[in-house]
Every structure is written in C-alpha cells, then in structure tokens.
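Whatever order the structure lists ligands and atoms in, that order sets their numbers, starting from 1. If you read the sequence from its start, that first residue is 1, and numbering goes on from there.
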Amino acid sequence: MPKRVKFEFKFYGFHSGIVLLEKRAMKICCIGAGYVGGPTMAMIAHKCEDIEVTVVDLNESRIAAWNSGDLPVYEPGLEEIVTQNRNNNLFFSTQVDEKVREADMIFISVNTPTKDYGSGSGQAADLRFVESCARGIARAGGGDKIVVEKSTVPVRTAQMVKEILDSANNGYNYQVISNPEFLAEGTAMADLEAPDRVLIGGESSVAGQAAVEKVASIYSQWVPRERIITTNLWSSELSKLTANAFLAQRISSINAISALCEASEANVDEVAKAIGTDSRIGPKFLKSSIGFGGSCFQKDVLNLCYLCRHFDLPEVAGYWEQVIKMNEYQKERFVTRLLDSMFNTVSGKRLAILGYAFKKDTNDARESPAIGICRRLLEEKANLAIYDPRVTKASILGTLGLSELEAEERIEFCATAKQACQGAHAIALLTEWDEFKQLDYSAIYPTMQQPAILFDGRNLLDLDALRTIGYRAHGIGKV
Ligand code: UDX
Ligand code: UDX
C-alpha cells in the first residue's frame with residue numbers, strides 16, 4: 001500500500017522572485033459546522049499555522065453563512081478569529097466526501113440529540129449521525145486516518161465507530177480517539193484558548209498511544225502539557241457525561257434550596273455565597289435560576305440515566321433523574337409564582353419577556369428554560385412581547401413549535417427591551433444579558449400597566465431599588 005506523503009506543500013505565489021511555499025504538517029477535516037465544530041476548528045487553525053483545517057457540513061446554508069460576514073454562531077471573539085484565518089488555513093465546505101478523503105485526522109462533531117422514537121425514546125442519545133459519519137469515512141478511504149469523537153457520546157461509542165471503520169476492509173488503519181469538548185457557549189473562545197484541561201482517550205496499543213500523542217501535539221501548541229489529560233477511551237467518553245451531570249446537579253441543588261429559601265425567608269444568593277467560600281464546595285455554578293437549558297445538560301443527564309438502566313443500575317439512574325425533575329419543577333414554580341402575583345390570571349395580559357437565549361452572550365435557544373415558560377404562559381392565554389438581543393424570530397418560533405401565522409395574534413417580536421415593556425402588566429427577565437442591568441427601569445415603570453410587576457428569573461437586578469421605583473419585584477429564592 002503506498003504511504004501518504006505527510007508533508008504537503010502549498011504554492012503561495014511569487015515574492016521578489018522567490019517561490020513561496022508553505023508547509024502544512026497535517027490536514028484536519030471536521031464533520032459538523034455547529035456550535036462546537038465551528039469555534040473549536042477556528043481556534044485550532046488560529047493556533048496551528050502548519051495545519052490545514054476544513055469544516056464540512058451537509059447543511060449548505062450553514063456553510064454559506066460560515067463563509068459570509070454573518071456567521072451562524074454568535075460567540076464573543078469568534079468573528080475576529082474566523083475572519084483572520086478563513087481561506088488561509090481554515091476552510092468551510094460542503095464537499096464532505098472529498099475533504100474526508102484528503103484528511104489525516106477527522107473530527108466528528110455532529111449533533112447527538114436525545115432519541116425521540118423507538119427503543120430508548122426520551123433518554124438514549126440518537127447516534128445515527130455519528131454512525132453515518134463513520135460509514136462515510138470508511139467509504140471515502142484515502143489512507144490511514146485518526147478519527148476523533150468530539151461529539152458527546154455514550155460510553156463505548158468508539159467501539160461502534162471502530163467496528164464500522166474496520167469492516168470497510170480497505171487496507172487502511174483507523175485509530176479512534178475520544179476528545180470531548182468542554183467549552184461553554186458564550187465563553188467558547190476563552191474556554192478554547194485557555195481550557196482547564198484537554199481530555200484525550202485512546203487505545204492502549206502502540207498505534208493507539210501514537211494517535212493520542214498526535215492529537216495531543218495539536219493542543220500542546222498552545223495548551224500547557226500538564227493540562228492535557230490522557231486516559232483510556234471509555235474513561236474519556238464517560239468523563240464528559242459525568243462532568244455535565246455534576247454541573248447540572250449543582251444547579252438543581254441550589255435551585256432546590258431556592259424553593260426552601262422562599263418558604264423560610266432566607267436569601268439564596270447569600271446562602272450560595274456562604275457555602276461557596278468553603279474551598280471544598282467552591283463558588284462556581286451556584287447561581288439559582290429558572291433552571292438550566294442548552295443543548296447539553298438535559299440530553300447528557302438523560303443519556304447517563306439510560307446507560308445506567310442499560311447496565312442494570314436502576315438506583316443510579318433514579319438518582320440522576322432527580323436532577324432533571326428538579327429542573328422541571330423550578331420552571332413550573334416560576335410560572336406558578338408569576339400567576340399568583342398576577343391575581344391568578346394572565347389571560348389577555350401583555351407580558352414582557354426579556355431574554356430568550358438559554359444564557360447570555362449566545363444566540364442559542366436550544367432547550368432554553370424560556371421555551372417551557374413561554375409555552376405555559378401562552379397556555380394561560382397571556383400575550384407575549386419578546387425581546388432578545390441575539391436570538392432570531394425564526395429560532396423563537398421554531399423552539400415554540402409555532403408558525404408565524406399561529407404566533408401573530410399572541411406574540412409580538414420587539415426590537416428593544418423598552419418596546420417589549422411598553423404597556424406590559426409584568427416583566428419576566430429570563431436571560432441574564434448585561435444590557436438588562438443597564439435598562440432605565442424608572443423610565444419604563446410609568447409606561448407599564450399598574451401595578452407593575454417584575455420577575456427576575458436570573459437574580460440579576462437589585463430588587464430593593466426596583467421596589468423603591470414602585471415595582472412589585474420578585475427574584476428567585478428570596479422574598
Ligand atoms: C455539539 C456536539 O457535537 C454534541 O454532541 C454536543 O453534545 C453538543 O454540541 P453542536 O455543535 O451544538 O453539537 O450541534 P449543532 O450546532 O447542531 O451542529 C451539528 C452540525 O452537524 C449541524 O450543522 C449539522 O448540519 C451537521 N451534520 C449533522 C452533518 O454535517 N452531518 C450529519 O450527518 C449530521
Ligand atoms: C455546558 C458545560 O458547561 C460545558 O462544559 C459543556 O461542554 C457543554 O455544556 P453550556 O450548556 O454551553 O455548557 O453552558 P453553561 O454555562 O454550562 O450553562 C448551562 C445552563 O445552566 C444555562 O442555562 C445557564 O444559565 C445555567 N446555569 C449555569 C445556572 O442556572 N446557574 C449557574 O450557576 C450556571
């Protein structure tokens with residue numbers, strides 16, 4: 001079998017009569033130009049000039065957007081890095097098979113949603129996209145390859161990927177590596193630039209360890225070696241699910257305490273501060289809220305529960321299921337308190353919804369707690385005036401499952417927060433965008449129906465100051 005030439009030379013034109021050649025040590029192809037694939041590959045291209053990175057996706061309009069001035073993902077700092085590196089050593093393409101064939105290393109970064117059909121529906125991860133990537137890589141051939149699982153997957157998925165690759169029987173060697181991504185949306189670029197750790201799992205064989213080292217050598221171009229952790233494949237896969245489950249569990253724990261605070265006149269922010277100063281507990285992820293959202297936490301905890309049941313560990317599954325139940329309870333509690341304070345009816349009342357993204361600094365509304373809350377308020381026959389600085393109308397309609405026509409009578413999409421609040425009976429602050437801290441609440445107050453009610457679902461605002469203005473103001477976990 002002819003060996004691939006590992007060093008490629010790219011012709012870069014003439015300069016003062018000298019032919020400029022640029023060395024590319026490696027070609028990477030990433031399948032999936034989403035919230036994870038796009039930013040991660042942009043950072044690799046930015047930090048590793050000697051690597052050519054191509055991000056491919058089946059979705060043509062998504063790739064067109066990555067190649068335009070209007071990127072499909074909003075992340076602070078992303079646009080600058082993409083603009084600097086695009087068409088230099090960072091490319092976005094829909095030529096999936098060709099780019100896969102040419103690559104030395106392929107990252108699988110497609111979505112792995114919760115299954116909504118058949119066996120495991122509602123809990124198991126739907127791996128059909130990962131499987132089709134593995135089949136596509138096997139079909140494409142082109143040489144020996146390292147295949148990196150970037151998508152969050154159930155433990156032992158690498159075995160399925162490896163079996164599919166090996167069954168191609170095409171004479172090429174495939175190494176499967178697990179390299180889960182820990183970036184959080186809204187801070188993706190900072191997380192990628194200075195990660196707490198990079199986790200790389202691989203087989204213990206000589207070839208497996210060589211592949212692990214090859215992946216490590218990419219990150220070590222900017223991440224200190226002591227932050228690059230290597231494990232076996234299964235530990236790496238399971239660590240990602242476990243990390244997300246622990247983070248989600250902390251939020252459900254503090255949210256459980258918030259209900260008790262409201263009943264007992266304690267203040268959850270004060271409790272969080274008091275316990276967070278214990279170095280064993282730590283201060284992060286103790287912000288009580290309307291519940292966690294985003295594409296990962298719920299999906300990954302459900303997936304963990306499914307795995308536990310699969311391995312006949314029902315007590316362990318039941319323990320983690322409680323994290324999800326508490327999150328649902330927190331959203332419903334918010335709606336109930338809002339209704340209580342509005343004389344038990346919101347029918348025909350205008351409610352200003354400030355923020356729809358699942359957290360600040362992202363245009364992502366997947367699994368946002370705002371979805372369930374808005375749905376419940378619509379069920380109660382409220383009229384909603386929604387404002388979010390980044391989430392598009394199409395995305396709001398999509399997540400609510402409404403057509404433009406269905407929404408017409410009941411939802412107004414507002415261009416500013418002030419416009420949303422105009423004439424509203426109540427404000428529900430659902431995302432902690434910085435701009436909501438700066439709003440002139442004194443100027444908004446007289447434009448609202450009286451009594452003007454405000455529910456701060458993120459404990460962002462100073463409730464005493466709002467009460468001085470005249471608002472009936474409420475937060476989470478405090479009276
Ligand atoms: C990621 C991870 O990969 C997922 O496992 C993790 O748990 C959450 O984050 P994300 O980047 O957020 O997913 O997903 P998304 O924004 O939906 O992007 C996935 C992309 O893959 C989409 O653009 C989709 O078009 C593309 N895709 C999907 C393919 O190109 N080929 C496929 O076969 C399937
Ligand atoms: C998460 C993990 O943090 C990240 O490591 C993993 O790679 C993907 O999943 P992400 O979902 O993007 O990242 O954001 P994160 O900051 O974790 O927030 C998730 C949700 O929890 C948001 O809805 C956020 O508002 C909520 N949250 C977070 C709280 O309610 N309180 C907190 O203290 C922290």
Please identify which atoms of ligand 1 are closer than 4.0 Å to at least one heavy atom of [X].
X: Ser132; result: 33 (O)
X: Ser109; result: 3 (O), 19 (C)
X: Asn59; result: 25 (O)
X: Gly34; result: 11 (O), 15 (P), 16 (O), 18 (O)

**Request:** List for me each residue that meets salt bridge (Lys or Arg N to Asp or Glu O under 4.0 Å) alongside Glu332, sequence neighbours excluded, and say none if there are none.
**Result:**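 Glu332 satisfies salt bridge (Lys or Arg N to Asp or Glu O under 4.0 Å) with Arg376 only.
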**Item:** salt bridge (Lys or Arg N to Asp or Glu O under 4.0 Å) partners of Arg227, counting only residues at least two apart
**Value:**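 Counting only residues at least two positions away or on another chain, Arg227 forms no salt bridge (Lys or Arg N to Asp or Glu O under 4.0 Å).
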**Item:** Under 3.5 Å: N/O of Val56 near N/O of ligand 1
**Value:**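 No.
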**Prompt:** Is Ile31 in polar range of ligand 1, meaning some N or O pair under 3.5 Å apart?
**Reply:**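 Ile31 vs ligand 1: no N/O contact under 3.5 Å.
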Flag, side chain of [X] to backbone of [Y], donor-acceptor distance under 3.5 Å:
X: Glu181; Y: Leu183; answer: yes
X: Asp104; Y: Lys27; answer: yes
X: Lys359; Y: Glu185; answer: yes

**Prompt:** Using a distance-only test with no angle check, is there a side-chain donor-acceptor pair under 3.5 angstrom linking Glu367 and Ser295?
**Reply:**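 Checked: Glu367/Ser295 side chains show no N/O donor-acceptor pair below 3.5 Å.
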**Message:** Under 3.5 Å, is there a donor on one side chain and an acceptor on the other for Asn255 and Ser252?
**Reply:**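 Distance-only check fails for Asn255 and Ser252.
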**Message:** List the protein residues in contact with ligand 2, where contact means a heavy-atom separation under 4.0 angstrom.
**Reply:**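 Ligand 2 pocket, heavy atoms under 4.0 Å: Glu181, Phe182, Leu183, Ala184, Glu185, Lys240, Asn244, Leu247, Ile251, Phe285, Leu286, Lys287, Ser289, Phe292, Gly293, Cys296, Phe297, Phe358, Lys359, Arg458.
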**Item:** Residue Glu404 excluded, over 12 heavy atoms near CD under 6.0 Å
**Value:**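 No - once you tally the heavy atoms of other residues, nucleotides and ligands closer than 6.0 Å, there are 12 at most.
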**Item:** Test ring pair (Phe, Tyr, Trp, His ring centres under 6.0 Å) applied to Phe129 - qualifying residues, sequence neighbours left out
**Value:**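 Partners of Phe129 under the ring pair (Phe, Tyr, Trp, His ring centres under 6.0 Å) test: none.
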